[in-house]
Amino acid sequence: MLDKKYNHLLVEEGKYDNWLSHHYFECGDTSKKPYSIVIPPPNVTGKLHLGHAWDTTLQDIIIRFKRMQGYDVLWVPGTDHAGIATQAKVDAKLKNMGINPRQIKREEWLKYAWSWKDEYHDNIKKQWAKLGLSLDYTKERFTLDAGLSETVKHVFVTLYNDGLIYRGEKIINWDPEAMTALSNEEVIYKDVPGAFYHIKYMLKDSNDYLEVATTRPETLFGDTAVAVNPSDERYKDLIGKTVILPIVNKEIPIIGDEHADPSFGTGVVKITPAHDPNDFEVGNRHNLERIIVINPDGTMNEKCGKYKDMDRFQCREELVKDLKDANLLIKIENITHSVGHSERTNAMIEPYLSKQWFVKMRPLADRVLENQKNKDTKVNFIPPRFEKIMNHWMEITYDWCISRQLWWGHRIPAWYKGNDVYVGINPPEGDGWVQDEDVLDTWFSSALWPFSTLDYLDNSPLYQRYYPNNVLVTGYDIIPFWVNRMTFQALYFTNSRPFEKCLIHGLIRDKEGRKMSKSLGNGIDPMDMIEKYGADALRFYLTTAVSNGMDLKFDEESLKSTWNFINKLWNASRFVLMNIEDINEEPLNLKKVDKWILTRYNDTIKNVTKYMDKFELNNAGNEIYNFIYNDFCDNYIEFAKFSLEDNTTKMTLKEVLMGILKMLHPFMPYVTDEIYSKIPNINENIMISNYPLSDKKNIFKNEEQEVSDLIEFIRIYRKTYQENHLDKSIQVKFNNDRDYELIKKILKIQNVVNSNLNIASYNVSYKEYDVTIYYEKEQTVEDKLQLQKDIESLKASIKKRQGLLENQNFVSKAPAELVQKETQKLEEEKLELKKLEERVN
RNA sequence: GGGCGAUUAGCUCAGUUGGUUAGAGUGCUUGCCUUACAAGCAAGAUGUCAUAGGUUCGAGUCCUAUAUCGCCCACCA
């Protein structure tokens, strides 16, 4: 027997280990149809947050649903080495230990990193278990695993041989703190206060000057020209002349280039090809020298004279002071401009000329765009609007910088000897070859995740059976980083989309709608919520709170009320279990209330399944919720209390409860397992039971209507009873020979009379149910007001409906069925009005 | 500058191919310890569906503008 109160701690304890020990999570039954999902691998940098809990619960619900539907499901767990993020954490830890991370050998550093990985990976696994995720751990992967690393190498080498990976010297995003290159996606632009420094660039042999406005005066050491627009009347005659670079006192040319916008600033641009992507292009067009003036750590280099070794910001300050002293500074104009920051370290990005490896994106992106036009092979986003994000990215994308100056990651399979470059899976023969020190962008390996995890290289049975994945679940913020890249890599290497569907959810925010972040201190640990309310409550809340693709404002009160719902389920189950101990498996003799609940139940199965198929888990969850509360608890159980000795009642209670538990199981695996296991004569575990199917034989539309009317009648009766402050002394007359037995019991009617009484009365009727309540009390003023109000609203409704039906357009154009329904409603309302008006007199 | 989303009850959110009294949770009011559950039950009140036009017999839903909030992308010498 169940305890009186639901206790999530007791219910959830030990269940996960039990599931594991029975190998329920493992795939491989080839008699069934396969269904696969790979988990978005969390970073091994820390704890899982609420967003992970949401994302993984969605997947677990789909997986459990499909498993119960009879699929051979595979949900691949795994973690991501998260190059720059993890390296930053490991470095910080080493610094804490008094070790300078750059002073130790790479091999030694990697030992620390791997032990970090082990520790955090264990944490993550514990959290997955707490959440109840049915992951197949026999297939677990890590992005730096040997197998995955081989795939990474294969992909790199293949793309290189196909001319889609190249090494080149370009302006890249440089993070001076992590001291590595970054891709465009890893740069976050923020509006920050800054200034336009207006500087005099003196014309050679003249007292005249060009006014150059720049936000980054410290880069002037790298200036190799100033540019004006060739069509700019103010300056076009100066093209070809020279100016003196301030402070440096070097001559540089004035060039004409379209890049200079006459309407922006002063119309004169200093050109620093090594420190600005646009200037780099200008430099290429005019064959300008590229002078790097900043060190990788953000300090000024030897090209900067006395400013050498100063930090770039300090240099700016000093330089501006000196320009002012030299009377070369015209003015400082304060502005707000957007400046790139490193996603990980938040350091201001330095556009930096550097030799890096790139993926040539155009051909790969075009293939995605082409494929998305084919409805049979495209990636189907849910909701569909997110496809636009991918397509837009594919249209504007440019070459992807994939080399990172880090230690934690896949080493680039390239070797150098003098000017020779060798790219291959294995090191080249012969002496003197030195491997590239750099590693690949984390997302390079993540992009292969849907197939690298399935042993793609070996064309393994796993790969053949479970690829492509059926669905990928992730947040919309990850589409550019990950979904897009998985898609082009999959198309190129597997000749297939990586997954048929891509279910997109939003971000979790706090109650005020702000992003959860460490700096705001508004983060919530899912483990704390599980401790307080249970994983089941957390899972149900997260997956039913909002519709797909929308952000979720986390509200602990709502989570608490989900706990209440589970407690309700618990108690309803308790009631059923108390009454079915002596159940007999005999043929059924269905009463009309049994037929009613079975009809509602089968409709619910149909609707829930429909929503589950569409991944509208919020609608599915709410559908079950409403069925449990409104139909099962509030009505059927109340009806059943009067026929508990009837074996058919027991059978119906049992069947419906089992179905409820099964439908809820994907959402709340623990409590449904607990209750299901207490049902007599059940030996299977709920997670491998069959998902309920809607059965036409159990749909009784007439009885459903009849009992629905009865329920409505009961409500109206209670309303009359309560609003008129009636008490048990009332006498009730049933005005026709319908079956009032159940009504009598439910409404606890004690005194029944057979003929009219000559005292005050109310008439209560709905459809064919019609009773008169006699009472010995005067109507109060409030009672009369209420009656008058009801009459007025009914009159308004009748008037509106009459108008509608008199409208010839409506009658002729609307479906006949609808017109008939309206006509019928009008008749009912008129009848009701008559009754109410009788009460007034 | 380009795009996306949101705007519905005090709050948090649903709302299907347009169908006529717009739903849920929570909160609020009133009455109940009715032996599954007071963490509960019963009944109730609360909406110009952001604004303005349009299409339609009929619009929360479709179209066109506008406003406010949020996000993404691009540019920013």
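Not measured: the values here are computed from a predicted model. Here is how names work: the chains are called A, B, and so on, in the same order as the sequence lines, proteins then strands, and each is numbered from 1.
Within the 3.5 Å criterion, the main-chain N or O of T272(A) finds no donor-acceptor partner in the side chain of D276(A). Between the side chain of N618(A) and the backbone N or O of A545(A), no donor-acceptor pair lies under 3.5 Å.
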Handout entry: Sugar-phosphate or base contact per nucleotide [nucleotides 37-42 of chain B; S, B, -; heavy atom under 4.0 Å]
Key = B-BSSB

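As rounded to the nearest Å, U51(B) and A42(B) have P atoms that lie 35 Å from one another. A gap of 40 Å separates the P atoms of A50(B) and C32(B), to the nearest Å. Taking atom C1' in both U12(B) and C73(B), one finds a spacing of 30 Å when rounded to whole Å. Between the C1' atoms of U26(B) and G40(B), the separation comes to 16 Å (whole Å). C49(B) and G15(B) have their C1' atoms separated by 11 Å, given to the nearest Å. Across the C1' atoms, U68(B) and U30(B) are found 39 Å apart, a figure rounded to whole Å. Rounded to the nearest Å, the gap between the P atom of C75(B) and that of A6(B) is 28 Å. Nucleotides C11(B) and G27(B), compared at atom P, are 15 Å apart to the nearest Å.
The side chain of Y398(A) lies closest to C75(B), out of A36(B), C13(B), C75(B). Nearest nucleotide to the side chain of K553(A), out of C57(B), C13(B), G44(B): C13(B). Side-chain atoms of V546(A) lie closest to C13(B) of the nucleotides G19(B), C71(B), C13(B). Closest to the side chain of F810(A), from the set G19(B), G44(B), C71(B), is G19(B).
Aromatic ring pairs are classed by plane angle as parallel below 30°, tilted from 30° to 60° and perpendicular above 60°; the pair Y636(A) and F632(A) is parallel. Using cut-offs of 30° and 60° on the angle between ring planes, the pair H8(A) and W563(A) is perpendicular.
A salt bridge links D582(A) to K650(A): one of the charged nitrogens lies within less than 4.0 Å of a carboxylate oxygen. Ion pairing of R285(A) with E258(A) is absent here, as no side-chain N (NZ or NE/NH1/NH2) approaches a carboxylate O to less than 4.0 Å.
Defined by atom type and a distance below 3.5 Å, a donor-acceptor pair is present between the side-chain atoms of N284(A) and R290(A).
Stacking of F264(A) onto the six-membered ring of A77(B) is present: less than 5.5 angstrom between centres, less than 30° between planes.
Among the heavy atoms of the strands lying under 4.0 Å from N278(A) are primed sugar atoms or P, OP1, OP2 only; no base atom is included.
With ring centers used as reference points, Y209(A) lies 6.0 Å or more from Y201(A).
Stem list for RNA chain B (at least 3 consecutive Watson-Crick or G-U pairs, distances under 3.5 Å): B:1-7 with B:67-73, B:10-13 with B:23-26, B:28-32 with B:40-44, B:50-54 with B:62-66.
K515(A) NZ: 12 or fewer foreign heavy atoms inside a 6.0 Å radius. Atom NZ of K511(A) sits in a sparse spot, with 12 or fewer heavy atoms from other residues, nucleotides or ligands closer than 6.0 Å.
The interatomic distance linking E616(A) (CD) with C13(B) (C1') rounds to 15 Å, in whole Å.
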